[in-house]
Amino acid sequence: FNSIIGILCPVLTALVSAALGQSFKSLAWLGIVIAIAGDAVISCEGLRNLTLEGHSSSLALLGMTLGIGALFARSIRSVLMDCQMN
């Protein structure tokens, strides 16, 4: 799951940048929405397959949550470094 969630790193970086005042064109937002939707579908299907095989979904959800938290922290770091450099 973490490799699939890792796809969201540029998306989260763009969202953090937008929250701090960076402007993006509407076509970029469309790409962000498509990336988030695709990642959500793949993650939900992977989680569904785990539960069908009899594995516990709670550990998978914990891993997904920790992975997204790490990506969010990395995105904040990237945006703050960019703000300091420019």
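All residue numbers refer to positions in the sequence shown, counting from 1.
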When clusters are formed by joining ILVMFWY residues with side-chain heavy atoms under 4.5 Å apart, either directly or through shared neighbours, do Leu15 and Ile34 land in the same one?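 No, it is not one cluster - the side chains of Leu15 and Ile34 are not joined through contacts under 4.5 Å.
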Does Phe72 share a hydrophobic cluster with Leu20, counting links as ILVMFWY side-chain heavy atoms below 4.5 Å and allowing steps through other members?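 Cluster IDs for Phe72 and Leu20 match.
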Any chance you could measure [X], atom [atom1], to [Y], atom [atom2], to the nearest 0.5 Å?
{"X": "Arg74", "Y": "Thr13", "atom1": "CZ", "atom2": "OG1", "value": "8.0 Å"}
{"X": "Leu71", "Y": "Ser78", "atom1": "CG", "atom2": "OG", "value": "10.5 Å"}
{"X": "Leu61", "Y": "Ser43", "atom1": "CG", "atom2": "OG", "value": "10.0 Å"}

Provide the closest heavy-atom pair for Ser75 versus Cys9 in the form atom of the first, atom of the second, distance.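 What the structure gives for the nearest pair is OG-O, 3.6 Å.
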Please lay out, stage by stage, how Phe24 and Ile32 fare under the test side chain to side chain contact (heavy atoms under 4.5 Å, CB included). CA-CA 11 Å; Phe24 294 99; Ile32 289 172; 5.6 Å; no
What do the steps show when you test Leu52 against Asn49 for side chain to side chain contact (heavy atoms under 4.5 Å, CB included), and what is the final call? CA-CA 5 Å; Leu52 288 177; Asn49 287 338; 4.3 Å; yes
Between Leu8 and Val11, is there a side-chain heavy-atom distance shorter than 4.5 Å?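 Side-chain contact under 4.5 Å: yes.
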In chain order, what residues pass the side-chain hydrogen bond (donor to acceptor under 3.5 Å, both in side chains) check against Ser23, with sequence neighbours excluded?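 Result, side-chain hydrogen bond (donor to acceptor under 3.5 Å, both in side chains) vs Ser23: none returned.
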Return yes if some donor-acceptor pair links the side-chain N/O of Thr51 with the main-chain N/O of Arg48 below 3.5 Å, else return no. yes
